[in-house]
Amino acid sequence: MVRTVIADDEVLARLKLRQLLRDELDVEIVGECATAAETIQVVSSTSPDLLFLDIRMPDMDGFDVVGALSSHPNLVLPQIVFTTAYDQYAVRAFEIHAIDYLLKPFACERLRSAIQRVRDQMAVAGPKGNGIHEDSASHPYTTRLVFKSRGRILFLSVEDIRWIGAEENYVRICTGGESHLLRETIGHIETRLDPKMFLRVHRSAIVNLRYVKEVKSENDGDATVLLTGGEKIAMSRSYRSRVQRLIHT
Amino acid sequence: MNPAIFISVSVLLGILFGLQEWFSLRHLGYHVDSRIFLESWGFQFFLWGTVSWLLWRLFASQVQRASLVTILTLFLPLSILVSAAEEMIWVLAFPSLPLNHPGLPYWNRLSIYLYEELLNNVVVFWCAFFLFLGLGYYQRFREHERAAAQLEIQLANARIAALRMQLNPHFLFNTMNSISSLMRSDINAADSMLEQLSCLMRITLERGQAQLIPLRDEMEFIELYLAMQAQRYAGRVQQALHFDPELYDALVPAMLLQPIVENAYVHGLSKVEADGRLSIDVRKKGEQVRVSVVNSGQGLKLHEPQSSNGHGVGLANVRSRLKLHYGEHSSLSIEERERKQVEVTILLPLQFQQESSTTVARPGELWSAR
């Protein structure tokens with residue numbers, strides 16, 4: 001069960017979350033709070049797995065709540081999903097290891113993906129506590145990206161990236177159903193991704209090995225990488241040996 | 001203005017006068033040292049250069065605003081005074097002159113030269129005076145021209161802003177009406193359309209007043225808009241987009257595509273039951289950007305007047321903004337192709353954004369990674 005607390009000063013906002021979460025059978029709401037003080041109190045007494053936290057509340061802001069909770073003895077900080085109408089706190093939220101950032105108004109799919117993220121995180125780190133702290137320290141590579149795409153804030157786990165294509169001064173990050181353009185160079189992105197998970201197969205493409213289904217040789221020595229989603233990505237000869245080494249070991 | 005300009009120009013003039021006198025004396029058969037001519041004329045005009053510079057420094061604004069009264073009461077006496085003073089200094093500097101009467105006392109020499117040259121000097125003074133007057137007129141003329149040009153740009157910007165503002169509420173109310181209608185039939189669809197509308201609003205608010213935006217931002221907007229339309233037309237319309245990555249940073253007018261795409265839906269795609277097609281294609285064509293939006297539907301009904309079927313509203317708005325931004329360097333055409341397809345083609349000059357030094361993260365930039 002994902003034991004959840006909802007903190008928002010607006011009753012309709014709480015109601016919406018409560019109603020949408022009714023469809024998530026493994027989510028149990030253990031508390032609802034309208035002020036920051038109440039939130040601190042309820043979270044410390046129930047020690048939930050997940051906290052939906054509004055940023056602007058009348059007495060303190062959401063970050064103050066997190067600050068107060070993290071200095072609390074014997075309390076394992078819950079996973080935090082911020083819900084707010086303001087996008088300017090996204091980087092701060094990311095920095096304090098929030099699991100997601102929902103811009104109001106959000107539709108149920110967006111909420112569902114946040115909950116899924118919480119489940120995944122709990123599966124990795126065990127039922128209690130967010131394991132991100134330990135994770136990031138031992139890891140020299142990027143595990144999550146935060147950026148804005150089509151009016152939404154995304155805290156994208158790199159595992160969700162299927163492949164990355166270079167388009168002039170941009171890279172296109174392709175996940176399951178969507179793609180996002182970022183003003184980045186593919187070379188720069190490559191250095192930040194774990195080479196055990198991602199492989200450069202072409203001057204202008206990186207693939208996530210987890211999604212590689214097949215590598216098909218072409219007549220001229222080049223090859224095509226087939227992804228599980230059906231995408232075909234050209235692979236040039238110079239990158240091919242690297243792939244074969246990886247695939248055969 | 002730099003005093004060196006006044007002095008060097010007038011000294012040059014003096015040297016030319018000196019040379020001319022020397023040549024004409026030689027022509028008459030006199031053989032005299034050229035140095036004294038160059039020195040005396042040069043010095044005389046050096047003094048005049050200094051005088052004109054002082055006149056410019058001290059009296060430029062009075063010269064340029066001079067009325068007949070100030071001319072008579074200030075500049076006329078000043079011209080005589082300055083001319084006499086200039087002569088006095090000059091005579092003091094050249095005791096060996098005049099050449100045919102060397103060794104005369106100062107006051108005698110001064111009276112000779114005053115008698116000979118005072119009128120010339122006054123004329124030189126007034127030449128400088130009128131030159132400055134003309135310069136003043138010229139400067140003010142230039143300023144006027146610049147101000148007028150600036151005003152024109154401001155006016156054009158205001159018109160563009162007004163035209164753009166015209167689009168937002170139109171689009172907003174249409175979408176809200178769709179949401180209102182969806183609320184009765186499909187609450188989840190209404191919810192997700194509301195989310196998409198908020199995203200569009202967020203993007204629009206972030207852009208603020210910017211009139212020309214990178215194509216990449218316009219793409220983001222149109223992709224969201226198309227996602228909303230796709231939901232509304234559930235499976236009836238196939239969308240195909242192609243944007244040349246080379247043009248992602250090219251500047252285009254904000255809200256360039258939305259009115260055209262809306263038009264394509266309202267007048268074409270909404271009239272077909274199934275298998276509607278919409279394609280947007282943006283590519284480079286020489287030094288221009290070519291934007292093409294093709295939709296299937298009913299074709300153009302040219303016999304209908306533009307105003308009654310509303311075909312013109314969105315397009316007219318885009319057309320006027322293009323004209324205000326680029327003048328004659330842009331074009332918008334609409335034509336019917338085979339199988340009742342309608343194509344809107346826009347050509348606009350290829351421009352890129354100056355690399356901005358802002359540190360504020362824009363949409364589409366990586367904010368942070370860990």
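Letters A, B, ... mirror the listed sequences (proteins, then strands); counts begin at 1. Keep in mind the model is a prediction, meaning the values are calculated, not measured.
Note on A/Arg150, A/Arg110, A/Glu109: by heavy-atom pairs under 4.5 Å with chain B, the leading option is A/Arg150. If you tally non-hydrogen atom pairs under 4.5 Å between each of A/Ala85, A/Ala166, A/Gly151, A/Cys108 and chain B, the highest count goes to A/Gly151.
Under the 4.0 Å criterion applied to side-chain N and carboxylate O atoms, A/Lys16 and A/Asp8 are not assigned as salt-bridge partners.
Note that CD of B/Gln351 and CG of B/Leu212 are 6.5 Å apart. Values are rounded to the nearest 0.5 Å.
Among the candidates A/Val81, A/Leu77, A/Leu69, the single residue satisfying the side chain to side chain contact (heavy atoms under 4.5 Å, CB included) test with A/Leu51 is A/Leu69.
Residue contact with chain A, scored on non-hydrogen atoms closer than 4.5 Å, is absent for B/Met193.
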Steps toward salt bridge (charged side-chain N to carboxylate O under 4.0 Å, His left out) verdict (A/Glu24, A/Arg119): CA-CA 11 Å; A/Glu24 308 296 322; A/Arg119 287 188 194 109; 2.8 Å; yes

